[in-house]
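Below: the structure, in structure tokens.
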Amino acid sequence: MLDKKTAVIVEESKTIQLYYKNLIAPLGYEVLSVSSFKELKDLLKEKTYVDLALISLDSSDNPESVVRYVIRKEISVVLLSGEEDPKIREKLVKEDVVDYIDKLSLSNAEDTVKLVKRLEINKHETILIVDDSALFRSIISNLLQRHKFNVLEAEDGQKALDILNNNININLIITDYEMPNINGLELIKSIRNNYELKEIPIIVISSVNAQSTIVDCMKHGANDYLNKPFSNGEFYSRLYLTLSYKENLDLVAEQKEVYETLFYQSANATLLMKNSVFTDCNEAALTLLKLKSKSDIKNKSPMDFSPEFQPDGQLSSLKKDIIADENTTRFEWEYVTLDSKHIMVDVIRTKFIIKGEEVTHIVWHDITNMKKLENDLESLNMSLEQRVKEEVKKNEEQSSHMLQQSRLAQMGEMISMIAHQWRQPLASISAISGTLSIDIMMDQYKADFFQERLESINELSQHLSSTIDDFRGFFKEEKSIKKVTVKELIKSSIGIIGPTLKTKNIKIKLELDENISVNTYPNEVKQVILNILKNAEDILLEKEIKDASICISGHKDDENAYLILEDNAGGVPEDILNSIFEPYFSTKTAKDGTGLGLYMSKTIIEDHCKGSLKVENSEYGARFTIALPIDTKESQDAQ
């Protein structure tokens with residue numbers, strides 16, 4: 001975090017006050033504004049230290065008094081020039097001010113920021129003044145301190161060398177030419193024996209104006225030569241030009257060091273290529289290719305380390321030309337190391353023009369392990385896909401087996417129903433045939449009577465045949481969807497189990513809409529209805545419910561038809577309500593229940609018919625709700 005500094009703006013215009021405040025505050029300054037000389041004096045009484053003052057020259061107060069007052073307080077002054085009297089500006093510029101800025105020009109905003117930043121930098125810069133004249137050293141020192149430089153002084157060349165040996169942080173030397181003991185030229189030579197031109201710049205200031213003297217100084221290492229007398233503006237211009245030269249060299253050296261650090265110490269292999277051959281690389285590149293030194297890679301092309309074919313089957317030489325033609329900047333490439341190991345590399349290429357020549361900067365990232373993992377993952381996915389297919393097939397086979405089990409269990413129940421329904425017709429046939437036999441034995445044959453009895457036997461036989469057809473149709477597997485009314489589904493199911501329910505005093509109550517139709521697999525839905533009705537029959541008989549009944553109702557909405565079957569046996573115990581659709585769950589173990597009926601019923605409705613089957617307890621008993629889609633599209637998808 002920057003140390004907080006204080007700047008004061010002396011300006012009558014609130015707009016300009018705000019403008020300069022917004023420029024300076026981001027540089028770490030607390031910015032205070034005053035509009036008059038009186039306000040300034042009051043402020044400086046409160047503030048023990050102020051770093052910078054920006055003073056407008058076109059104020060109604062006497063600007064000369066303001067400027068000189070602030071300078072005496074040892075505050076750096078920047079003049080804000082506007083529409084003031086030019087004579088006033090000319091006079092004040094000669095005072096110990098840092099600079100002046102045209103406040104009416106918005107383009108000077110950047111210069112203001114640079115100036116304030118420069119003053120902060122100067123606080124950390126040390127300049128050595130070498131001159132045998134104490135007055136001259138004082139003049140130069142004052143100019144430098146006005147810009148916040150740290151100043152050291154030496155009265156001759158030898159003293160300057162002593163100071164230089166004891167101070168390693170001197171940024172610039174300003175020296176006179178004519179001095180006792182060691183003159184300016186000899187001082188320059190001595191300094192340059194130990195310090196390069198870019199390390200410590202030297203400015204010579206002298207009244208000697210001989211061309212040969214200037215040439216000698218510049219030739220032996222001076223950065224600039226300033227003739228006496230000179231203006232303050234010229235002095236600051238030469239000073240900052242020389243410092244900028246050093247700072248630019250320092251910046252270049254720093255950037256070079258950063259680049260070399262990034263290049264040579266990068267964890268990724270980094271290379272330079274010119275004219276299609278490698279010219280330099282870092283240690284990581286040598287390690288990647290298992291090479292011993294840079295000589296093993298310099299002046300060689302990427303093809304010298306490439307296999308004949310790339311992993312995609314393309315010739316490396318052909319693929320290289322395609323990449324070059326497309327000017328691809330990033331691609332994957334297989335290389336061969338010195339020990340013949342194949343590696344996959346992610347290549348990033350960047351081209352530059354340096355001194356008129358094209359140079360390619362290349363970064364290699366080893367992705368061999370990543371590629372192996374990708375291949376392993378792909379193989380694993382393929383294996384998993386195959387295993388999923390196998391498991392799905394197993395599940396389908398198991399589901400089919402369970403469905404068959406369920407059907408067989410229901411067939412046993414159907415046989416019982418068939419036996420019940422056949423018992424009376426068979427008894428009638430037996431009685432008629434017995435009567436006819438007795439008539440024949442007693443020779444009491446009557447043609448009309450025989451004909452009537454034979455017709456009765458024929459009717460009973462057709463009834464039995466029709467019953468067989470009903471049961472065969474019920475268990476016939478259907479592979480296509482048909483449009484059927486809900487009433488037809490219920491009527492067909494009741495036709496099978498109805499007589500059994502009737503003999504056991506279980507009433508069927510129907511509340512069906514005549515116009516409800518669905519597109520579904522009729523026999524599968526009938527199997528579900530029959531299973532629910534049979535379960536209801538069992539629980540009603542088990543609990544010995546008086547006035548036992550099963551209510552069957554139906555309704556529809558825009559998407560589904562709903563078939564509701566509800567008994568009055570008191571409902572399913574809450575602790576097993578969520579388990580009754582699980583496979584092999586049964587409460588009929590004593591009666592050899594398979595536990596597949598409701599599980600397969602849910603599978604049939606939800607997986608085959610794309611509907612839903614739910615159960616809940618009502619006020620009277622268990623309520624099963626079958627929802628079947630009306631939309632033919634979804635039904636067609638189910639096929």
Side-chain angles (χ1 to χ4, degrees), residues 403 406-407 410 413-414 417 470 473-476 478 480-498 500-502 506-540 548-569 571-572 577 580-581 596-638:
L403 181 61
S406 177
R407 285 180 178 272
Q410 282 194 315
E413 295 174 345
M414 294 301 102
M417 295 179 191
D470 286 343
F474 178 81
F475 285 105
K476 183 180 179 181
E478 290 182 325
S480 60
I481 290 173
K482 295 180 180 178
K483 186 172 184 179
V484 62
T485 65
V486 171
K487 187 173 182 180
E488 288 179 276
L489 295 173
I490 294 299
K491 184 179 179 181
S492 178
S493 300
I494 292 176
I496 294 172
I497 196 173
T500 302
L501 297 176
K502 185 175 181 181
I506 299 174
K507 296 179 181 179
I508 299 292
K509 300 177 181 180
L510 296 178
E511 299 175 3
L512 294 174
D513 187 334
E514 297 282 341
N515 300 319
I516 302 177
S517 297
V518 292
N519 288 276
T520 190
Y521 298 97
N523 282 350
E524 292 200 359
V525 177
K526 291 177 189 177
Q527 183 180 346
V528 173
I529 296 171
L530 191 60
N531 186 63
I532 295 172
L533 291 174
K534 189 69 178 68
N535 285 342
E537 174 197 340
D538 291 341
I539 194 65
L540 288 167
S549 66
I550 301 173
C551 180
I552 304 175
S553 61
H555 64 276
K556 67 176 181 177
D557 56 23
D558 292 338
E559 297 180 356
N560 297 305
Y562 299 92
L563 181 59
I564 301 168
L565 299 93
E566 180 180 354
D567 60 49
N568 63 343
V572 182
L577 187 62
I580 65 173
F581 290 118
L596 292 174
L598 288 177
Y599 167 72
M600 291 311 305
S601 294
K602 193 173 183 67
T603 300
I604 289 169
I605 295 299
E606 296 188 354
D607 293 349
H608 297 191
C609 301
K610 305 304 177 186
S612 67
L613 173 59
K614 298 179 181 179
V615 63
E616 60 185 338
N617 285 326
S618 68
E619 181 181 354
Y620 305 104
R623 178 191 292 143
F624 287 84
T625 302
I626 301 172
L628 296 171
I630 296 173
D631 187 4
T632 56
K633 181 180 183 302
E634 187 171 358
S635 299
Q636 292 299 327
D637 290 342

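Hydrogens, waters and symmetry mates are skipped; everything else that's a heavy atom, side chains included, is used. Residues take their numbers from the sequence shown, with the count starting at 1.
Annotation for Ala569 and Ile539: closest pair CB-CG2, 3.6 Å, computed over non-hydrogen atoms. The two residues Lys610 and Asp607 have their closest heavy-atom pair at NZ-O, 3.1 Å. Taking all atoms of both residues into account, the shortest heavy-atom contact from Leu512 to Gly554 is CD2-N, 3.6 Å. Ser493 and Leu530 make their closest contact through O-CD1, 4.0 Å (heavy atoms, listed as atom of the first residue, atom of the second, distance). Shortest non-hydrogen contact noted between Asn568 and Ala548 is OD1-CA, 3.8 Å. Closest of all the heavy-atom pairs between Ser492 and Lys526 is OG-NZ, 3.1 Å.
Shown here is Tyr620, whose OH atom has no more than 12 heavy atoms of other residues, nucleotides or ligands within 6.0 Å.
If you take CG on Leu563 and CD1 on Ile490, they are separated by 4.0 Å, rounding to the nearest 0.5 Å. Interatomic distance, CG of Asn535 versus CD1 of Ile580, reported as 8.5 Å (0.5 Å rounding). Between Thr520 atom OG1 and Ile630 atom CD1 the span is 12.0 Å, to the nearest 0.5 Å. Atom CG of residue Leu540 and atom NZ of residue Lys507 lie 13.0 Å apart, to the nearest 0.5 angstrom. Atom CG of residue Leu533 and atom CG of residue Leu565 lie 5.5 Å apart, to the nearest 0.5 angstrom. Here the straight-line distance linking atom CD of Glu566 with atom CG of Asn617 works out to 10.0 Å at 0.5 Å rounding.
Using bins of under 30°, 30° to 60° and over 60° for the plane-to-plane angle, the ring pair Phe624/Phe581 lands in the perpendicular bin.
Residues Ile532 and Leu613 have side chains in contact (heavy-atom distance under 4.5 Å, counting atoms from C-beta outward). Using a 4.5 Å heavy-atom cutoff, the side chains of Ile626 and Tyr562 are not in contact. Side-chain contact between Ile529 and Ile552 is absent, with no heavy-atom pair separated by less than 4.5 Å. In this structure, the side chains of Val518 and Pro629 stay at 4.5 Å or more apart for every pair of heavy atoms.
With sequence neighbours excluded, no residue forms a side chain to side chain contact (heavy atoms under 4.5 Å, CB included) with Glu619. With sequence neighbours excluded, no residue satisfies side chain to side chain donor-acceptor pair (under 3.5 Å) with Ser612. Judged as a side chain to side chain contact (heavy atoms under 4.5 Å, CB included), and not counting sequence neighbours, the contacts of Lys483 are Ser517, Asn519. In this view, Asn515 and Asp513 satisfy the side chain to side chain contact (heavy atoms under 4.5 Å, CB included) rule, not counting sequence neighbours. Qualifying side chain to side chain donor-acceptor pair (under 3.5 Å) partners for Lys602, counting only residues two or more places apart in sequence or in other chains: Glu606.
Of the candidates Ile494, Val484, Asn523, Leu489 forms a side-chain contact (heavy atoms from CB on, under 4.5 Å) with just one, namely Val484.
Between the Asp567 side chain and the Gly621 main chain, no donor and acceptor come within less than 3.5 Å of each other.
Within the structure, salt bridge (charged side-chain N to carboxylate O under 4.0 Å, His left out) pairs that include any residue of residues 485-496 comprise Lys487-Glu514 (at least two apart or interchain).
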